[in-house]
Amino acid sequence: MSKVKYYKGYTYEEALTERKEIKEAIKALRTGQSYTIGSRSLTRVKLSELMEQLDFFNEIIDFFENGHTRPRIQRAIPQDF
């Protein structure tokens with residue numbers, strides 16, 4: 001694992017916890033987007049927003065587990081001598 005303690009403001013453990021909660025929220029969406037009981041109602045977040053958050057935390061977890069988020073791109077300028 002990387003020696004960095006925080007990445008994008010989260011520790012490894014916090015990112016794991018957040019990812020777990022997001023996955024639970026995605027499962028909860030299977031029962032319906034919203035419902036009303038009497039005068040009270042509940043509307044859940046959109047699946048697309050949850051998927052964006054899941055990708056965000058997967059990137060953080062990948063950073064801690066693999067030490068990088070994406071390949072580095074380097075630019076070379078060929079010169080004719």
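Hydrogens, waters and symmetry mates play no part in the numbers below; they use all other heavy atoms, side chains included. Note that the structure is predicted; figures quoted are calculated from it, not measured.
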Pairs of donor and acceptor atoms involving the side chains of residues 18-25, under 3.5 Å and at least two apart or interchain, shall be tabulated with distances.
| unit_1 | atom_1 | unit_2 | atom_2 | d |
| --- | --- | --- | --- | --- |
| Arg19 | NH1 | Asn58 | OD1 | 3.2 |

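- Across all non-hydrogen atoms, the minimal contact from Leu29 to Val45 is CD2-O, 3.5 Å.
- Here Glu52 pairs with nothing under the side chain to side chain contact (heavy atoms under 4.5 Å, CB included) rule; sequence neighbours left out.
- A donor-acceptor contact under 3.5 angstrom links the side chains of Glu65 and Tyr12, judged on distance only.
- Here the shortest heavy-atom pairing between Tyr7 and Phe63 reads CG-CD2, 3.5 Å.
- Taking the six-membered ring where tryptophan is involved, the planes of Phe56 and Tyr10 are perpendicular, since the angle between them exceeds 60° and thus also 30°.
- Taking CD from Glu13 and CD1 from Ile61, the interatomic distance works out to 10.5 Å, rounded to the nearest 0.5 Å.
- Across all their heavy atoms, Glu14 and Thr11 have their closest contact at OE1-N, 2.9 Å.
- Between Met51 and Ile26, the shortest heavy-atom distance links the atoms SD-CD1, 3.8 Å.
- Cluster membership check: Leu54 shares its hydrophobic cluster with Leu47, using side-chain heavy-atom separations under 4.5 Å among Ile, Leu, Val, Met, Phe, Trp and Tyr.
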